[in-house]
A.B. asks: 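Before I ask anything, here is the structure I am working with.
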Amino acid sequence: MAFFRKKKVEKNTILDISNIQTGCKAANSDEAIVSVGKMLLDAGLITEGYIEGMLNRDHDITTYIGNDIAIPHGEYEVKDCVKKTGLAVQVYPDGIEWGGGNVRLVIGIAATTDEHVKILQNIAEKLSDMDVVDQVVAADAAYIHQVLTGE
């Protein structure tokens, strides 16, 4: 008789539910970037220099991607500030003016250049439908985590 072991399924560790905040408010996009950056810092994903790189990237080219979503992440020069790949999510129900658009969902990314492309593709795929974005903005952290991780 053969014995079969179940393959161990690894949990998605890129987004911890504790790194999701709802009901956020910010005066502008810079304030929101610093806030989401501090979440990445507090989670041990980055060193402080990464936040400056997030601001610099957004000042050079907006991190607003449409569908009320911004994905601030550090510029190439601060990739050494990334300790571990991960995300932080903030929901701004009232919206923030951001690079020519309105943003209600801010997803801060801590990743090196190679990693962030796949993360961006995943976010774009999961949040391409505006109805899903509306549901995420109105939801609690558990639902947001489920949508973004598939868990």
Side-chain angles (χ1 to χ4, degrees), residues 10-130 132-137 139-151:
E10 289 195 28
K11 290 184 100 180
N12 182 322
T13 58
I14 291 178
L15 177 60
D16 188 274
I17 197 164
S18 65
N19 282 347
I20 301 171
Q21 291 180 343
T22 59
C24 299
K25 294 188 183 298
N28 54 50
S29 59
D30 281 0
E31 190 176 299
I33 290 169
V34 170
S35 180
V36 80
K38 285 183 179 177
M39 286 180 69
L40 296 170
L41 181 67
D42 292 346
L45 301 173
I46 60 169
T47 61
E48 202 163 306
Y50 192 78
I51 297 171
E52 188 67 32
M54 293 170 78
L55 288 164
N56 289 341
R57 177 176 294 277
D58 193 65
H59 292 168
D60 289 343
I61 183 166
T62 184
T63 54
Y64 170 68
I65 62 168
N67 275 12
D68 294 351
I69 302 166
I71 41 87
H73 54 289
E75 58 192 347
Y76 177 78
E77 291 77 12
V78 295
K79 68 179 169 99
D80 293 339
C81 294
V82 176
K83 293 179 177 182
K84 183 180 175 188
T85 299
L87 302 175
V89 177
Q90 292 184 327
V91 177
Y92 292 84
D94 297 332
I96 306 167
E97 167 59 32
W98 198 305
N102 181 60
V103 167
R104 297 181 298 152
L105 189 60
V106 177
I107 304 172
I109 300 174
T112 62
T113 39
D114 296 341
E115 298 168 317
H116 89 278
V117 173
K118 185 173 182 177
I119 293 169
L120 290 170
Q121 289 172 335
N122 188 40
I123 291 168
E125 180 181 307
K126 292 180 185 298
L127 299 174
S128 63
D129 183 334
M130 198 62 190
V132 174
V133 174
D134 289 339
Q135 291 169 4
V136 165
V137 168
D140 63 7
Y143 181 79
I144 296 167
H145 185 264
Q146 179 185 4
V147 168
L148 293 177
T149 64
E151 293 179 4

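Since this is a predicted model, take the numbers as computed values, not measurements. For this chain, numbers begin at 1 and follow the sequence in order.
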A.B. asks: Could you state the interatomic distance from OG1 (Thr112) to CG (Asp80), rounded to the nearest 0.5 Å?
C.D. replies: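 One finds 10.0 Å between OG1 of Thr112 and CG of Asp80.
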A.B. asks: Is it the case that atom NZ in Lys38 sees more than 12 heavy atoms from other parts of the structure closer than 6.0 Å?
C.D. replies: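 Counting other residues, nucleotides and ligands, NZ of Lys38 stays at 12 neighbours or fewer.
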A.B. asks: Partners of Asp60 by salt bridge (charged side-chain N to carboxylate O under 4.0 Å, His left out), sequence neighbours excluded?
C.D. replies: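 Residues passing salt bridge (charged side-chain N to carboxylate O under 4.0 Å, His left out) with Asp60: none at all.
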A.B. asks: Might you point out which heavy atoms bring Ile119 and Ile109 nearest each other, and give the distance in Å?
C.D. replies: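 Result for this residue pair: CG2-CD1, 3.9 Å.
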A.B. asks: Provide the full list of ring-ring contact (aromatic ring centres under 6.0 Å, His included) pairs with a residue in residues 36-68, sequence neighbours left out, each pair given once.
C.D. replies: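 Qualifying pairs, neighbours excluded: none.
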A.B. asks: For Ile33 versus Pro72, what's the shortest heavy-atom pair and its separation?
C.D. replies: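 Shortest heavy-atom contact: CG1-CB, 3.9 Å.
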A.B. asks: If the test is side-chain contact (heavy atoms from CB on, under 4.5 Å), which one of Leu87, Leu148, Asn122 qualifies with Ile14?
C.D. replies: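 Considering Leu87, Leu148, Asn122, a side-chain contact (heavy atoms from CB on, under 4.5 Å) with Ile14 is found only for Leu87.
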A.B. asks: Minimum heavy-atom separation for Ser35 to Gln90, with atom names?
C.D. replies: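 Between these two residues, the closest heavy atoms are OG-NE2, 2.8 Å.
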A.B. asks: For residues Val103 and Tyr92, determine if any side-chain heavy atom of one lies less than 4.5 Å from a side-chain heavy atom of the other.
C.D. replies: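 A side-chain contact is absent here, since even the closest heavy-atom pair is not under 4.5 Å.
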A.B. asks: Name the residue from Val136, Ile123, Leu105, Asn19 that meets the side-chain contact (heavy atoms from CB on, under 4.5 Å) definition with Val89.
C.D. replies: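 Option passing the side-chain contact (heavy atoms from CB on, under 4.5 Å) with Val89: Leu105.
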A.B. asks: Enter the distance from Asn56:CG to Glu77:CD here, rounded to the nearest 0.5 Å.
C.D. replies: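 So the CG of Asn56 and the CD of Glu77 are separated by 8.5 Å.
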A.B. asks: In the structure I gave you, are the side-chain heavy atoms of Leu45 and Leu41 within less than 4.5 Å of one another anywhere?
C.D. replies: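 Answer no - side chains too far apart.
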A.B. asks: Calculate, to the nearest 0.5 Å, the distance between atoms CD1 and CE belonging to Ile46 and Met39 respectively.
C.D. replies: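 Here the rounded value is 11.0 Å.
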A.B. asks: Of all the heavy-atom pairs spanning Ile96 and Ala26, show the shortest one and how long it is.
C.D. replies: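 Between these two residues, the closest heavy atoms are CD1-CB, 4.0 Å.
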A.B. asks: Tell me, with the steps shown, if Glu52 and Val78 meet side-chain contact (heavy atoms from CB on, under 4.5 Å).
C.D. replies: CA-CA 9 Å; Glu52 188 67 32; Val78 295; over 6 Å; no
A.B. asks: Within the structure provided, determine whether Ser29 and Asp58 are in side-chain contact (heavy-atom separation under 4.5 Å).
C.D. replies: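 Of all side-chain heavy-atom pairs linking Asp58 with Ser29, at least one is under 4.5 Å.
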A.B. asks: Determine whether Gln21 and Val36 make a side-chain contact, defined as any pair of heavy atoms from C-beta on separated by less than 4.5 Å.
C.D. replies: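 Of all side-chain heavy-atom pairs linking Val36 with Gln21, none is under 4.5 Å.
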A.B. asks: Nearest 0.5 Å, please: how far is NE2 in His73 from CD in Glu115?
C.D. replies: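 Glu115 CD to His73 NE2: 12.5 Å, rounded to 0.5 Å.
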A.B. asks: Nearest 0.5 angstrom please: Ile61 CD1 to Glu75 CD, how far?
C.D. replies: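 If I round to the nearest 0.5 Å, the distance is 12.5 Å.
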A.B. asks: Is there a donor-acceptor pair closer than 3.5 Å between any side-chain N or O of Asn67 and the backbone N or O of Ile69?
C.D. replies: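 Checked: no pair found.
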A.B. asks: Looking at every non-hydrogen atom in both residues, tell me the closest pair between Ala139 and Ile144 and how far apart they are.
C.D. replies: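 Closest approach of Ala139 to Ile144: O-CD1, 4.0 Å.
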A.B. asks: Looking at OG1 of Thr63 and CZ of Arg57, how far apart are the two atoms once the value is rounded to the nearest 0.5 Å?
C.D. replies: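 Nearest 0.5 Å value for the OG1-CZ distance: 9.0 Å.
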A.B. asks: Can any side-chain N or O of Gln146 pair as donor or acceptor with the backbone N or O of Thr149 at less than 3.5 Å?
C.D. replies: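 Judged by distance alone, no pair lies under 3.5 Å.
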A.B. asks: Could you report the tightest heavy-atom contact between Val132 and Leu127, atom names first, then the distance?
C.D. replies: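 Scanning both residues, the minimum pair turns out to be CG1-CD2, 4.0 Å.
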